[in-house]
Each structure stands twice: as structure tokens, then as C-alpha cells.
Amino acid sequence: MVKLHQEGRSLKSLAEEFGPSKDSIAIWVKQATPIMIKGQSKTLKDVKQLEKRLAILEEENEILKRATILLAKK
């Protein structure tokens with residue numbers, strides 16, 4: 001449906017033909033639409049995955065910093 005919308009089909013016609021709401025299809029289109037970040041094409045889904053990975057790495061980094069401080073005190 002995303003590809004059909006990108007090829008010119010309206011959200012309304014897609015919703016009528018396939019069943020999902022126009023809002024759902026619009027969300028899917030937004031998630032699949034590429035954006036440029038530092039010269040690389042990424043989708044919203046890619047960006048969200050990168051943000052989650054960044055949060056995990058930042059948490060791991062804080063744990064390692066605390067462990068280093070504790071080990072240095074011994």
C-alpha cells in the first residue's frame with residue numbers, strides 16, 4: 001500500500017480498497033518515507049532502531065564508567 005500511495009494512489013482509495021484506515025496507511029507511509037541523515041537515506045523505522053541502540057550503548061557506557069571508578073578506588 002505504501003508503494004501504491006507513493007505511485008499516486010490516494011489514502012482514501014487505498015483505505016476503501018484494502019480496509020485499513022486512512023490514518024493507519026498514512027502512518028505506514030511516514031514510516032517508510034526515507035529521510036537523509038549525513039548523506040545516508042534512512043527511514044523513520046531505521047532512526048527509531050538507531051535511537052534504541054544508542055540508548056542501550058549509553059546505559060552500558062555509564063555502567064562501565066561506574067565499574068571503572070569502583071575498581072580504581074580499590
Heavy atoms of S10 and H5 approach each other most closely as C-ND1, 4.3 Å

More than 12 non-hydrogen atoms from neighbouring residues, nucleotides or ligands closer than 6.0 Å to CD on E7, yes or no?
yes

Is any side-chain N of the basic residue among K65 and E62 closer than 4.0 Å to the acidic one's carboxylate O?
yes

Atom NZ of K30 and atom CD1 of I35: how far apart are they, to the nearest 0.5 Å?
10.0 Å

Hydrophobic cluster identity match, L14 and V2, side-chain contacts under 4.5 Å:
yes

For side chain to side chain contact (heavy atoms under 4.5 Å, CB included), just list the numbers for F18 and L4, CA-CA rounded to whole Å, side-chain angles, deciding distance to a tenth of an Å, and then say yes or no.
CA-CA 11 Å; F18 296 104; L4 291 171; 3.8 Å; yes

For residues K42 and P34, determine if any side-chain heavy atom of one lies less than 4.5 Å from a side-chain heavy atom of the other.
no

Compare every heavy atom of I25 with every heavy atom of A15, then report the nearest pair and how far apart it is.
N-CD1, 3.6 Å

For the backbone of R9 and the side chain of S13, can you confirm whether one donor and one acceptor N or O come within less than 3.5 Å of each other?
no

Side chain to side chain contact (heavy atoms under 4.5 Å, CB included) between T33 and T43: does it pass, once the steps are laid out?
CA-CA 6 Å; T33 301; T43 63; over 6 Å; no

Please give me the minimum heavy-atom distance between M1 and P20, naming the atom from each residue.
CE-CG, 3.6 Å

Measure the CD1-CG distance between I37 and L50 for me, rounded to the nearest 0.5 Å.
7.5 Å

Rounded to the nearest 0.5 Å, how far does CH2 of W28 lie from CG of L11?
11.0 Å

